[in-house]
Asker: 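Just dropping this structure here.
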Amino acid sequence: MAVEAVRDAWSVNIQEDQVQIQKTRRDFEGDFTLVVFPLLRHSKCSPEETGNAMGQYMIDHSEMLSGYNVIKGFLNMVVAQQYWRELLDGDLRAPHYGFTPVDAGSPDVMIEFSSPNTNKPLHLGHIRNNLLGHSVSKIMEASGNKVMKVNLVNDRGIHICKSMLSWQEEGNGETPETTGLKGDHLVGKYYVQFDQKYKAQIEALVGEGTIRKEAETSAPVLKKAREMLRKWEMDDPEVRALWEMMNSWVYDGFKETYKRLGVSFDKTYYESETYKLGKEIVLKGLKEGVFYKKEDGSIWANLEDEGLDHKLLLRADGTSVYMTQDVGTAHQRYNESGFDSHIYVVGNEQNYHFQVLAIVLKKMGFVWAEKLFHLSYGMVELPEGKMKSREGTVVDADDLMDEMESTARSMSEELGKLEEYTGEEKDIIYRQVGMGALKYFILKVDPKKNMTFDPRESVDFNGNTGPFIQYTYARIRSVMRKGGEEIPRSTGDTPMNVKEVSLIRMLYDYPEIINESSRTMNPSLVANYLYDLAKEFNQFYHDYSILSADNQEQVGLRLRIVEAIGQIVKSGMDLLGIEVPERM
RNA sequence: GGUUCCGUAGCUCAGUUGGACAGAGCAACAGCCUUCUAAGCUGUGGGUCGCGCGUUCGAAUCGCGCCGGAAUCACCA
């Protein structure tokens, strides 16, 4: 339409893309905005005159529009209130408002996340991984993708043997039952013990005059761990039995942590079953001349034409390395499921690895190589700097969740909330609020950025936090309980004020946010949108009397808006994996 | 040194494909609970968007060059 307006006014034909239309900023009057600057060369008059001419034309030619204004070269068009009202009475009622249905034709997305090691418990970094993976899955599902969540457990290797060895030598037969420790924590304890003993032996050797580097490779405990790994690979029954027992402890522990975090998987892969994969593919690549063999028999890929160096794919003894495995698992998964895309939620420390993986697969001529996507996320750092397991500055996942919940409890008691509820009801809400605070804190940050986690500050429940949004929801539910048995329909006679229109406009942003969030695999868009919406609602709540407006029509209109906000907050928080309490 | 990413208020973070005076929260100070939940609301102070050049009617956003920080560049996974 704008194109015609320009043609009628100044008799020039312009391209569609020269007309820029965007949503009007919330602090200006209007609903959508036309930027007139690009048109000035055609109109040959001031931005104001151009805008007015365009605005008048638009008004004359559209019934949807009720007015316009021009501010500094921005033409703001106002959509008639009647039109908003029709929207409000229409699809906002849909149960899964804003969601694209998943059907047979939907793209298949495989998403791998979590991928823990079985030698120690989960920490804060894993929490970011799990929350991201879970939330991105939900968001992609909401925007019409068929999603399959998979976990790849790193259950073998020298680090696993370290815990096993230490337990064998010094464990005195301790089990989760005898110690009352969570399985993963018990195993983690022995991993730390191994490290301490290893360090001590290095120091001792250095004291005796050994060069440090040599001491690091020749410390007796390390040799024993290597020997244990060798036995494991040769299927030594004793080692395998120990391995299975200790891993099962860890799995019990992980299961608990996952449940608490609210994450789940459709399928779990174990590296002990996949670590030999990829070898045949690499050999085939060698045969086709894609890779080359060194004199010692090891196989390499030359990535110099991509600006990278050479990468090992098979060791001289013919065994697989990490890269080989990923080539194998990707290949296997594609053959099994024929995914349309495969997302790996893995920390940015492995950017290089995934860069190489994509190139290697491409070199081998797999068309699906470009369907792999590395969702790389930044490190979680503490105010004092990086988390170091050696220095004991790791924030344990279970401890952190405990702390968040107990803070929610004391905070709530201090505020004198929930006094008339039973202990059990309160516990549920404390859990929801504590976890909500943690999840929101992590997910509101752009995944690719490193983030700082201050244990003291992040238990704050005021401001831009999960509990604030949960609180908003509880308020909404409270309003609905009091006024909403039968929500009166609005007939359109009642004028909508600026705040109401502004809220309705925000509601219609939601589907767009979901799609954008899905496209960029970035839950923080949803998180920040929900905060804006919640803040807007709280202002509305404070300034307007929802249940005792001027007339029944107005009450009905406001209740409709409140109800819709409630639906969106609930559904949006669900996309973040955050529960919303009915009251708090 | 190569590659990738980041740099916005004292602190933690937003800022959709370039657009209206750069926004929140926390912290500080000052107000608001006889009315639908005060985990709330209102106000005040606080910025050379790391630095410079360029493209553009217009740059926090795009390009180039610096400066600062992170990750990675293992026959570990």
Side-chain angles (χ1 to χ4, degrees), chain A residues 20 22-25 27-28 33 35-38 40-41 47 71-74 76 115 117 154 156-160 271 275 294 296 298 300 306-309 311-317 319 321-323 325-326 347-356 376 378-379 381 383 386 408 411-412 414-415 417 433 437 441 444-446 448-454 457-458 460-465 467-472 474-483 509 512-513 516-517 519-520 522 524-525 527-529 531-532 535 538-539 541-548 558 562 583-584:
Chain A
Q20 290 180 43
Q22 54 199 242
K23 264 172 293 187
T24 301
R25 290 198 152 205
D27 30 333
F28 291 90
T33 296
V35 187
V36 303
F37 291 112
L40 295 183
R41 66 178 62 166
I71 300 167
K72 296 203 288 192
F74 294 89
N76 301 317
S115 310
N117 293 338
N154 184 340
R156 63 164 286 280
I158 187 78
H159 51 298
I160 312 290
E271 209 193 283
Y275 80 106
K294 278 195 180 172
D296 62 2
S298 56
W300 295 73
E306 302 277 351
L308 303 174
D309 51 14
K311 185 76 191 174
L312 176 83
L313 294 176
L314 275 181
R315 296 192 186 99
D317 63 7
T319 56
V321 293
Y322 182 37
M323 184 60 65
Q325 291 170 45
D326 263 353
N348 62 13
E349 65 218 354
Q350 293 193 28
N351 284 354
Y352 181 74
H353 172 78
F354 283 99
Q355 198 184 348
V356 171
S376 160
M379 306 280 100
E381 288 164 13
K386 247 180 276 184
M411 178 78 82
S412 184
E414 197 178 310
L415 290 168
K417 301 240 172 191
V433 172
F441 184 87
K444 77 172 177 185
V445 181
D446 185 338
K448 69 169 178 272
K449 288 187 175 175
N450 288 357
M451 61 180 291
T452 311
F453 182 86
D454 187 334
E457 195 183 316
S458 53
D460 193 351
F461 291 178
N462 303 319
N464 189 355
T465 63
F468 170 78
I469 300 171
Q470 290 172 316
Y471 171 74
T472 304
R475 266 187 160 177
I476 288 170
R477 295 307 299 162
S478 172
V479 170
M480 297 310 293
R481 277 195 297 273
K482 294 218 161 81
D509 290 341
E512 231 173 278
I513 297 286
E516 182 66 11
S517 178
R519 196 179 61 75
T520 56
N522 181 357
S524 80
L525 300 182
N528 286 295
Y529 166 79
Y531 173 69
D532 284 346
K535 184 157 174 70
N538 275 296
Q539 290 167 359
Y541 180 91
H542 184 262
D543 293 341
Y544 297 78
S545 190
I546 297 167
L547 295 175
S548 54
R558 289 180 178 170
V562 171
R583 51 198 90 199
M584 64 182 271

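None of these values were measured; they are calculated from a predicted model.
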Asker: Which residues pass the ring pair (Phe, Tyr, Trp, His ring centres under 6.0 Å) test with A/Y352, sequence neighbours left out?
Answerer: none

Asker: Pairs under 3.5 angstrom, nitrogen or oxygen only, protein versus nucleotides 49-51 of chain B, please.
Answerer:
none

Asker: So, A/K311 and A/E306, do they make that salt bridge, N to O below 4.0 Å?
Answerer: no

Asker: A/F74: what forms a ring pair (Phe, Tyr, Trp, His ring centres under 6.0 Å) with it, not counting sequence neighbours?
Answerer: A/F37

Asker: Using heavy-atom distances to pick each residue's nearest nucleotide on RNA chain B, tell me which of A/Y322 and A/N348 is more 5'.
Answerer: A/N348

Asker: Who passes ring pair (Phe, Tyr, Trp, His ring centres under 6.0 Å) against A/F28, sequence neighbours left out?
Answerer: none

Asker: Return the value, rounded to whole Å, for the distance between atom CG of A/D460 and atom P of B/A24.
Answerer: 18 Å

Asker: With nearest nucleotide decided by heavy atoms, which residue, A/R519 or A/M451, maps closer to the 5′ end of RNA chain B?
Answerer: A/M451

Asker: Does A/D532 have any side chain to side chain donor-acceptor pair (under 3.5 Å) partners at least two apart in sequence or in another chain, and if so, which?
Answerer: none

Asker: Going by the rule side chain to side chain donor-acceptor pair (under 3.5 Å), which residues pair with A/Y322 if we only count those two or more places apart in sequence or in a different chain?
Answerer: A/Q350

Asker: So if I define the base as every atom that isn't primed, P, OP1 or OP2, how would nucleotides 57-63 of chain B read as a B/S/- string at a heavy-atom cutoff under 4.0 Å?
Answerer: B------

Asker: Once each nucleotide of nucleotides 30-39 of chain B is scored for protein heavy atoms under 4.0 Å, what B/S/- sequence comes out, 5' to 3'?
Answerer: ------BBSB

Asker: Can you sort out the partners of A/T452 under side chain to side chain donor-acceptor pair (under 3.5 Å), two or more places apart, ordered by chain and number?
Answerer: none

Asker: Apply ring pair (Phe, Tyr, Trp, His ring centres under 6.0 Å) to A/Y275 and list each qualifying residue two or more places apart in sequence or on a separate chain.
Answerer: A/W232

Asker: Is A/V562 close to A/M480 at the side-chain level, that is, under 4.5 Å between some pair of heavy atoms?
Answerer: yes

Asker: With 3.5 Å as the limit, what N/O pairs link the protein to nucleotides 7-10 of chain B?
Answerer:
residue	atom	partner	partner atom	Å
B/G7	OP1	A/K449	NZ	3.3

Asker: Which stems does RNA chain B form, counting runs of 3 or more consecutive Watson-Crick or G-U wobble pairs with both distances under 3.5 Å?
Answerer: B:1-7 with B:67-73, B:10-13 with B:23-26, B:28-32 with B:40-44, B:50-54 with B:62-66

Asker: Looking at B/A74, I'd like to know if its phosphate oxygens (OP1 or OP2) sit under 4.0 Å from a side-chain N or O belonging to A/R315.
Answerer: no

Asker: Could you tell me the separation between the OH atom of A/Y531 and the P atom of B/C26, rounded to a whole number of Å?
Answerer: 7 Å

